[in-house]
Amino acid sequence: MPVTDQAFVTLGTNDIYCQGALVLGKSLRNHKTSRQLVVMITSQVTSRMRDVLSNIFDEVVEVDILDSADSVHLSLMKRPELGITFTKFQCWTLTQYTKCVYMDADTIVLCNIDELFDRDEFSAAPDSGWPDCFNSGVFVFRPSVETFHKLLHFAEVHGSFDGGDQGLLNSFFSNWATADISKHLPFIYNLSISSVYTYKPAFLQFGSEAKVVHFLGTPKPWNCKYNPQTRWIVEDESLSGQEHLSYLVLWWEIYISDILPLLTEQERTDGTNSQQHQIGRIELLVKNENPSSVETPESTPGDRLPDSNAEQHSLDCRGPDQSLELPCQLTNECVTQDNVQMVQLAHSASELSIHESEEEARTEDERRKWEQGQIDYMGKYSFENIQKKLDRFLQ
Ligand SMILES: O=c1ccn([C@@H]2O[C@H](COP(=O)(O)OP(=O)(O)O[C@H]3O[C@H](CO)[C@@H](O)[C@H](O)[C@H]3O)[C@@H](O)[C@H]2O)c(=O)[nH]1
Ligand SMILES: [Mn+2]
């Protein structure tokens, strides 16, 4: 029976982190959670991504740090670096639920973890770096506007010793380490990926009991390159050891089989509706060293992807009539192809990687700065540059 007054909650403030939220949400669904799934997003998340999120999450809640009470605004003015921190705290405002489990977008579940709802606020697992502190990537809490305001007030007065939400929450719930052992979640509910190689014997002993993996720090799974042929991560120097890579592989397997079809389905739907040409900010680069493997028994010549000899293809989350320069040869035509074929293409690729569309990121960043009155008067919008533009225009 679905439980409607309890929820798993995650956060994605941009389209990139939303990729993580999607995989987490799908992993919870795959393991048949009976709780509601909620994702908090901010205004930067594109409407295309919101549509995809709503396929997996029961609620997609936009939170805006500046439209809350005045105290939020004031705190932000004094401590702008805490912006993202405040965003996570918004989970306490979800008072339509009586109890929730917050999970970072860089976590996945390996089995059903609904038993966490038997715990009470504030329950969390030790942080692997300093076990007298909890890690704020997974925690049980009770939504309450009062607690939310207390947190904001606390942030304003004391700040955060690590600049993020984890330091602040540890100071706020300062008796966590000593008061009540039932509020210590076992480490297997928040297995930090680095522990797999920093304490290998423990991982070999207890790793099979892991329930939640947390891709804490860098690289995040979406920053890795994946080879669907070998079903292995394309390694770089920052990835030492082997065991932890299999969790990254798991992330990518969920991404390819469950998320990619949704993204491409969305692409198709949007393509037929001129009202919905919102620009997503994700590009999936699909490298294919062996193009012949792209062909499927069902595919007819007319079906074929354009330029099947291309070294690199791109599935770009934007409408087909957005005329933008794509970073590689598979141009806008690909987005009108049947999504099954796109997924097929991804499966036969030799390397997949997720990128933020740089042009979009730049434009968005500039727009935000304009809106905040931070105009680059010394650089791009200097008097000389504007005059040069005017001169060109008037020629
Ligand atoms: O640009 C961002 C950055 C973060 N997040 C969200 O905030 C979470 C925390 O950020 P993350 O990059 O996962 O931080 P960690 O590498 O996990 O680092 C640690 O430090 C963070 C800051 O204190 C805590 O939030 C984490 O729980 C803690 O594990 C993410 O998972 C997302 O849900 C965004 O949506 N957008
Ligand atoms: Mn995290």
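Both ligands and their constituent atoms are indexed starting at 1 by order of listing.
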**For G164, the ligand 1 atoms whose distance to one of its heavy atoms is below 4.0 Å** = 23 (O)
**Message:** For Y102 and F139, take the angle between the two ring planes, folded into 0 to 90°, and tell me which bin it lands in: parallel under 30, tilted 30 to 60, perpendicular over 60.
**Reply:** parallel
**Asked** Against heavy atoms of G137, which atoms of ligand 1 measure under 4.0 Å?
**Response** 27 (O)
**Item:** Residue Q166 vicinity, atoms of ligand 1 by number, heavy atom under 4.0 Å
**Value:** 23 (O), 28 (C), 29 (O)
**Message:** Can you tell me which portion of T107 lies within the under-4.0 Å heavy-atom range of ligand 1? Options are side chain, backbone, both, or neither.
**Reply:** neither
**Item:** hydrophobic_cluster_shared for L53 and I16, side chain cutoff 4.5 Å
**Value:** yes
**Request:** Quick one: the OD2 of D106, the Mn ion (ligand 2), NE2 of H214 angle, rounded to 10°, please.
**Result:** 90°
**Item:** Close approach of Y102 to ligand 1, heavy atoms, under 4.0 angstrom
**Value:** yes
**Request:** Start with the C-alpha gap between Y17 and W222, add the side-chain angles, then the distance that decides, and say whether ring-ring contact (aromatic ring centres under 6.0 Å, His included) holds.
**Result:** CA-CA 9 Å; Y17 268 93; W222 50 88; 5.3 Å; yes
**Item:** N or O pair under 3.5 Å between G217 and ligand 1
**Value:** yes
**Item:** Check: L37 main-chain N/O paired with D58 side-chain donor or acceptor under 3.5 Å
**Value:** yes
**Message:** Strictly distance-based, threshold 3.5 Å: is any side-chain N or O of E121 a donor or acceptor partner for the main-chain N or O of R142?
**Reply:** yes
**Asked** Distance-only, no hydrogens or angles: does the R281 side chain make a donor-acceptor pair with backbone N or O of Q44 under 3.5 Å?
**Response** yes
**Min N/O separation G167 to ligand 1 under 3.5 Å** = no
**Asked** Which ligand 1 atoms does H214 reach within 4.0 Å, using its non-hydrogen atoms?
**Response** 17 (O), 29 (O)
**Prompt:** Where the side chain of Q166 meets the backbone of S136, is there a donor-acceptor pair that is under 3.5 Å apart?
**Reply:** yes
**Request:** Give the atoms of ligand 1, by number and element, whose distance to some non-hydrogen atom of N14 is under 4.0 Å.
**Result:** 1 (O)
**Request:** May I ask you to decide if P219's main-chain N or O and N223's side chain share a donor-acceptor pair within less than 3.5 Å?
**Result:** no
**Message:** Under a 4.0 angstrom heavy-atom cut-off, which atoms of ligand 1 come close to G12?
**Reply:** 35 (O)
**Request:** List every atom of ligand 1 that sits less than 4.0 Å from any heavy atom of N135, numbering the atoms from 1 in the order shown and giving each element.
**Result:** 28 (C), 29 (O)
**Prompt:** Any nitrogen or oxygen of L216, main chain or side chain, under 3.5 Å from a nitrogen or oxygen of ligand 1?
**Reply:** no
**Item:** D120/K183 ion pair, N-O < 4.0 Å
**Value:** no
**Message:** Which atom name would you report as the N, O or S atom of D104 nearest the Mn ion (ligand 2)?
**Reply:** OD2
